[in-house]
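Down below is the structure, laid out as structure tokens.
All values reported here derive from a predicted model rather than from experimental measurement.
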Amino acid sequence: QEVTLRVVSAFPENQYYVKRTVEWIDKANKEGKGVLQMNFIGGPKAIPTFEIGNAVKTGVVDMALTTGAYYTNLMPEADALKLAEVSAAEQRRNGAYDLINKIWQEKANMYYLARVVEFTPFHLYLNKKIDKPDLTGLKIRITPVYRDFFQSMGAAVMTTAPGEVYTALERGVIDGYGWPIHALFDLNWQEKTRFRVDPGFYNAEVSLVVNLDKWKSLPPAARDFLTRQALAYEGQNEFWKSYNQNEARRQAQAGIQTISFDAETSRKYVQQANEVGWASIIKTCPQYGPHLRRLLGR
Amino acid sequence: MSIAALEAAYGKALDALALVACALIFALTLMICADVFLRNVRIVPGTVGLAWSNEVSEAMLYLVTMLTAPWLLRRGQHIRVDIVLRAVPPRVGWAFEWAVDALGLACCAAIAYYGARAALASYAAGSISIKTLITPEWWLLSVLPAAFLALSLEMLFRMRRLYLGERAPRDDAVSTG
Amino acid sequence: MSWGAAAWLMLGGSTVLLFLGLPVAFSFLVINLAGALLFLGGEAGLTQLARNSVVSVASFSLTPIPLFILMGEVLFHTGLAVKVIDGVERLVRQVPGRLAVVAVVAGTVFSAISGSTIATTAMLGSLMLPVMLSRGYHPTMATGPLMAIGAVDMLIPPSALTVLLGSLSGISISKLLIGGVMPGLILSLAFIVYIIVRVKFNPALAPVAGFTQYHGWAKLRPFVQYVLPLVSIFVIVVASMSAGWATPTESAAIGALFTMVLALAYQALSFDNLLRALRGTAAISGMILFIIVGATTFSQILSFSGASNGLVELIAGLGLTPLAVIAAMMLLLIFLGLFVEQVSMMMITLPIYMPLVQKYGVDPVWFGVMFLICMQLGLLLPPHGLLLMTMKGVAPPQVRMGHIFQAVLPYIGMSLLLLALVFFVPAIAVWLPRILV
Ligand code: NA
Ligand code: NA
């Protein structure tokens, strides 16, 4: 018998992650007639972004496209996925995927289906030039993803609603912000951004998670079908590499200059990001933190 | 204690909650200004703005909403549309008032119940809100059932006033600004 | 359940409850419970509904609502508002309907410092109306301009309802605030012209009264002493944004604090009147925020049920031109304005309107400013407009409801003309935000 899953997204519908996922759903629905259908309900206007974790946990929705930073309330470990230095494919080989699924099932009643965004570093974007990784005296807009790292470089951090970032940049309320290498143009922030600091750090993560009870209740054929479709989707992650190169080119064309450090400083910069990130994960989740680091880190 | 005295005492308690809301609005103003000031003027060494000001403001706004809701119900200031109530004969309007009060009571009680379940579930799971400040999630979640319990109680007193009063619709507020 | 049935249940059900006399916020909440049970799935859905309710008002972008209202309440309760009227009064020379003109000018000045139409209307009504009636103004000539200019307060920043519109619709708040300036000023100017012309043709409406004509410094003093410093609140708010000290949201707090500091400097602020101002603020913002709790979750469930998308696609499938759709949206808003108040107008329509605005590629600022004009019309429309009630509340018994309905008609006409003007000449709304923001 055909099963229908209700799918929501933590990102607004006009964002590229969502558009790409909706295309994947449409294709899967064509192939899955009689076995499994996915009904895409919508983005944050249906379920608030930070409530999607709870909605999946309790079965209000069956499946979600979201990122770990949005459900750290359920499990602080969720934020560790951004620290992965090994690819999703490698995670499936080295046991990281199994550990993730054990933790996700135990703590959030979620089946961790697939990671559909990776190979995507975050960057620090600035309007004032720096010559070393020191943000003393600069006001930087943050989300929880970047807070600890930017604070460790001495930044004055502030939280700003996404809709106010453009004005805040234009008026100099903030001197910079953290963001992935892509998706800048969706928000038009390139218009008010002068520099991007290279190298990037971390690894932006967007994944599909499924309510565990729902997952267990699926007929084997539906479960196999969904697994196959998800693996195929995850298998296309190499796409992000070329996509991100293209985005970097677009940024250059939009007049964003790169600030880079010498090799040694760059290495230390990335290392510091990782150290700070893991320190906070291990502090909030001593149980699984170190184990996650062994499998996700290099 | 007579019911009338109880109702009066409850009214005093609601006034006190509203007073807390006033203090919160005042504190909100000062806190945001302090954040802006400290971010732009390096007066206290090592302090660059109040990084937590944003999330504390959000909590304050939510608290103001919950603290004032029962007080506004007592004062008949939750605005409504009374065009039909005024058009029908007073006795019919009075009957409508009973119907909507009963609905209001059921609704407040249900939200209090499910709000309490949400807070308890969060407490039992040990959910924490990780922002600049790390706080247990149930701290804020539990205010909702408390406020709707207070609203349910006030709905009962409101029905008592309806029973004792004139057999006609009430004069509640009808518009926002 | 089909999306059609869901739409009937949610939109129809809440409308029925609204007209039964259940307070707006509770009408949403009752339907939310039913909707959560049906669409979010039983008990888990109801628990999720409770969590979503908490999140709905815990939002930084809503903080200007209490802060803007506080500015108006402080000015009103400390008596500084009276000084504004006095300062304006001495500057206005003899014209037909002079006091009505003074009210419009003072109301416009006050609009730029107050973010609350209630404070502005209460202030003008209680201070200006008795004077005008005692000078023999006809009740329609005395009440009309006061109500009309009270509504303009919503268009001219600061404005709590504009902030709410921006935060609910996703339209840039600062652009909306600036976008309201020109239409607001156009209306003020139209009111003045109308008053003068009307009294010129029918002098009995506003008998010429003698007034003390001040000269030189005596004429300017209250203006320089009170009006200019108070208007500087507006300047401070804008400057703190432009200079890069504060975000638009934060600047509301700076405005509120500066208002209190000014009141303190005039030795007008006491613990007593500060408390009264805070209480007034708590009441108005609590009322608005509580509706937001119900209405935000309402629009989420509506969207979850598929009704929002269904309706949007239905309308988009009709093959109408974008302009026709926008015009229909505005007509529906005006119709709603006859019965429901401003917050509900936004809450009921935005979940359907904004996807259409996006779909048709309409300039959101233009759309938002027209939305604002419709809402300020709602403040004036009989039988329910807030300002009509407020006026009845402060007016002496000789002013009857019939007077008030009759008085407001010409101003409704002018607001409708403005709406049409902005519809055909979008630059009135979007030019200023484009060069300033
Ligand atoms: Na205003
Ligand atoms: Na206003």
Side-chain angles (χ1 to χ4, degrees), chain A residues 4-9 12-14 22 39-62 64 70-71 73-74 109 127-128 138-139 141 158-175 177 187-188 192 211 213-214, chain C residues 36 39-56 58-63 166-175 238-251 296-297 299-309 350-351 354-355 358-359 436-437:
Chain A
T4 301
L5 297 181
R6 304 194 294 174
V7 188
V8 296
S9 135
E13 274 128 272
N14 58 0
V22 169
N39 171 20
F40 181 69
I41 290 174
K45 68 184 207 299
I47 296 268
T49 299
F50 285 88
E51 282 302 319
I52 281 180
N54 190 69
V56 175
K57 180 185 180 183
T58 57
V60 169
V61 297
D62 302 318
Y70 292 156
Y71 53 99
N73 59 329
L74 302 181
N109 195 39
N127 276 337
K128 288 185 179 157
L138 295 183
K139 297 172 283 185
R141 186 258 181 180
M158 64 183 285
T159 325
T160 309
E164 281 194 342
V165 172
Y166 186 93
T167 321
L169 283 167
E170 180 173 53
R171 307 294 183 194
V173 179
I174 52 174
D175 302 314
Y177 57 93
L187 300 152
N188 263 337
K192 300 295 165 192
N211 171 269
D213 307 309
K214 190 72 188 183
Chain C
F39 308 118
L40 299 190
E43 299 231 295
L46 289 162
T47 314
Q48 186 66 54
L49 170 72
R51 293 181 59 103
N52 290 5
S53 306
V54 173
V55 181
S56 61
S59 160
F60 191 68
S61 57
L62 297 176
T63 47
S167 104
L168 292 174
S169 63
I171 306 173
S172 155
I173 295 176
S174 27
K175 284 191 181 169
V238 174
S240 66
M241 279 191 278
S242 316
W245 299 327
T247 64
T249 315
E250 292 169 336
S251 70
T296 306
T297 37
S299 95
Q300 286 160 3
I301 297 174
L302 192 69
S303 174
F304 202 98
S305 73
S308 304
N309 280 343
L350 286 176
M354 290 321 291
Q358 270 166 10
K359 197 157 210 146
L436 282 184
V437 186

Can you say whether C:Thr249 sits under 4.5 Å from chain A via the side chain, the backbone, both, or neither, judging by heavy atoms?
-> both
Which atoms of C:Gln358 come close to chain A, meaning under 4.5 Å heavy atom to heavy atom: side chain ones, backbone ones, both, or neither?
-> neither
Heavy-atom pairs under 4.5 Å with chain A are the metric here; pick the option from [options] that has the most.
options                              : value
C:Ala246, C:Ala36, C:Ser56, C:Gly170 : C:Ala246
C:Ser308, C:Ala44, C:Gly41           : C:Ala44
C:Ser299, C:Ser303, C:Gly42          : C:Ser303

Backbone N/O of A:Lys57 and side chain of A:Asn109: donor-acceptor pair under 3.5 Å = yes
Report the C-alpha separation of C:Phe304 and C:Phe39 in whole Å, then their side-chain angles, then the decisive distance to 0.1 Å, and conclude whether the ring pair (Phe, Tyr, Trp, His ring centres under 6.0 Å) test is met.
-> CA-CA 7 Å; C:Phe304 202 98; C:Phe39 308 118; 8.2 Å; no
Going by an N to O cut-off under 4.0 Å, is there a salt bridge joining A:Asp175 and A:Lys139?
->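 The answer is no: the pair does not qualify as a salt bridge.
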Minimum side-chain heavy-atom gap C:Leu46-C:Leu40 below 4.5 Å =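 Side chain of C:Leu46 against side chain of C:Leu40, heavy atoms only: no contact under 4.5 Å found.
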Start with the C-alpha distance between C:Glu250 and C:Trp245, add both sets of side-chain angles, then the distance that settles side-chain contact (heavy atoms from CB on, under 4.5 Å), and finish with yes or no.
-> CA-CA 9 Å; C:Glu250 292 169 336; C:Trp245 299 327; over 6 Å; no
